[in-house]
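Heads up: numbering here begins at 1 and tracks the sequence.
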Amino acid sequence: MHGLDSVAALAELIPVAHGVDERIDWAEVEAAWGTRFPSDYVRFMEVYGSGVISDGISVLLPALRAEGWPYRDGPGLRDETECARETWEMCRDDADFDVDPESIVAWAVTSGADIYCWVTTDADPDRWPVLVCGRHTNPEMQLHPLGMAAFLKGLVSDATFRQDKISILLTGEATFVNWRNR
């Protein structure tokens, strides 16, 4: 379940009231990255935009620049991708799977220093699995055959799913605040 369906399912759990359509130039972003992005991520950016879920999970902005973005170094997608690739290189020996570090693209970080990524080896972005580069997760490196929105839905709605996939405690009702409203 990707795109409209998976983000609609996520919207049943996380109110969209503080979401902002980022109005991303996907042609520019995809040219810069050399790939399309998953439809659930594209839809998430249209419905919610970049921001923070439950004061702990920051979904990164894919744009190369954003008017009003408060940080000099840009939205962080590239920086967090580099961090994730470096983390993979340091921790890969403990993983029970292997990926090419160049196929790792970050899409979110947590306040507990976890990095959520895609492994972009499939030609169809809607089939990219989620890679967890965890700070205090067990194991530190995890591969999940889910899309971004389904993974987020599991984190905010299922305590059993959440276990060992995030280094912070998510409590109470799930919330979202776009970076423009912070």
Side-chain angles (χ1 to χ4, degrees), residues 1-7 10 19-53 57-93 95-110 113-135 137 140-155 165 178-180:
M1 179 169 49
H2 292 286
L4 298 175
D5 293 339
S6 59
V7 174
L10 191 60
V20 176
D21 181 354
E22 296 291 355
R23 300 182 193 273
I24 293 166
D25 182 342
W26 287 105
E28 177 186 32
V29 170
E30 291 169 356
W33 282 89
T35 188
R36 289 180 303 121
F37 281 80
S39 60
D40 60 345
Y41 181 67
V42 171
R43 183 65 182 148
F44 188 93
M45 286 297 138
E46 292 170 350
V47 173
Y48 291 99
S50 177
V52 180
I53 297 170
I57 304 168
S58 296
V59 180
L60 301 170
L61 184 68
L64 307 176
R65 61 192 160 284
E67 188 174 321
W69 186 259
Y71 308 107
R72 267 186 325 160
D73 298 333
L77 191 68
R78 193 159 306 278
D79 289 342
E80 291 302 336
T81 293
E82 289 306 313
C83 287
R85 290 173 178 175
E86 290 171 13
T87 301
W88 171 256
E89 291 290 355
M90 290 186 300
C91 300
R92 75 186 306 161
D93 291 340
D96 61 356
F97 57 92
D98 194 27
V99 299
D100 176 358
E102 292 302 309
S103 71
I104 297 171
V105 174
W107 54 267
V109 295
T110 72
D114 308 309
I115 308 172
Y116 298 137
C117 311
W118 294 292
V119 176
T120 64
T121 53
D122 196 296
D124 180 356
D126 286 337
R127 296 192 339 200
W128 291 349
V130 170
L131 172 68
V132 174
C133 296
R135 172 74 179 229
T137 59
E140 288 180 316
M141 296 292 162
Q142 304 172 24
L143 199 58
H144 299 278
L146 299 169
M148 171 218 156
F151 184 81
L152 288 173
K153 182 179 181 224
L155 287 179
K165 292 175 187 69
N178 185 279
W179 65 271
R180 290 178 176 88

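One distance of note links CZ of R36 with CH2 of W128; it measures 8.0 Å at 0.5 Å rounding. For the atom pair R43 CZ and D5 CG, the distance stands at 10.5 Å (nearest 0.5 Å). L61 contributes atom CG, which lies 6.0 Å from atom CE of M45 (distance to the nearest 0.5 angstrom).
Residues L155 and I57 are in side-chain contact: their nearest non-hydrogen atoms beyond the backbone lie under 4.5 Å apart. Between V20 and W179, the closest side-chain pair of non-hydrogen atoms is not below 4.5 Å. For the pair I104/E82, no side-chain contact is recorded, criterion being any heavy-atom separation below 4.5 Å from C-beta on. Counting heavy atoms from C-beta outward, F44 and L10 have side chains that approach closer than 4.5 Å. Here the side chains of L152 and Y48 are not in contact, with every heavy-atom distance at 4.5 Å or above.
Here the two rings, on F97 and W88, have centers that are under 6.0 Å apart. Residues F37 and W107 place their aromatic rings such that the two centres sit no closer than 6.0 Å.
Counting only distance, with no hydrogens or angles, the side chain of E22 and the backbone of S50 share a donor-acceptor pair below 3.5 Å. The backbone N or O of K165 sits nowhere less than 3.5 Å from a side-chain atom of T137 that would complete a donor-acceptor pair. At distances below 3.5 Å, at least one donor-acceptor pair connects side-chain atoms of D126 with backbone N or O atoms of S39.
Within the structure, salt bridge (charged side-chain N to carboxylate O under 4.0 Å, His left out) contacts touching residues 113-124 (residues at least two apart or in different chains) are D122-R127.
When the side-chain contact (heavy atoms from CB on, under 4.5 Å) test is applied to V119, the partners found at least two apart in sequence or on another chain are V99, S103, T121, P129, L131, L143. In terms of the salt bridge (Lys or Arg N to Asp or Glu O under 4.0 Å) criterion, E86 has no residue partners (sequence neighbours excluded).
Annotation for E140 and R135: closest pair OE2-O, 3.9 Å, computed over non-hydrogen atoms. Closest approach of A108 to V59, counting heavy atoms only: CB-CA, 4.1 Å.
Under a cut-off of 6.0 angstrom, the local environment of CZ in R92 is crowded, with over 12 non-hydrogen atoms contributed by other residues, nucleotides or ligands.
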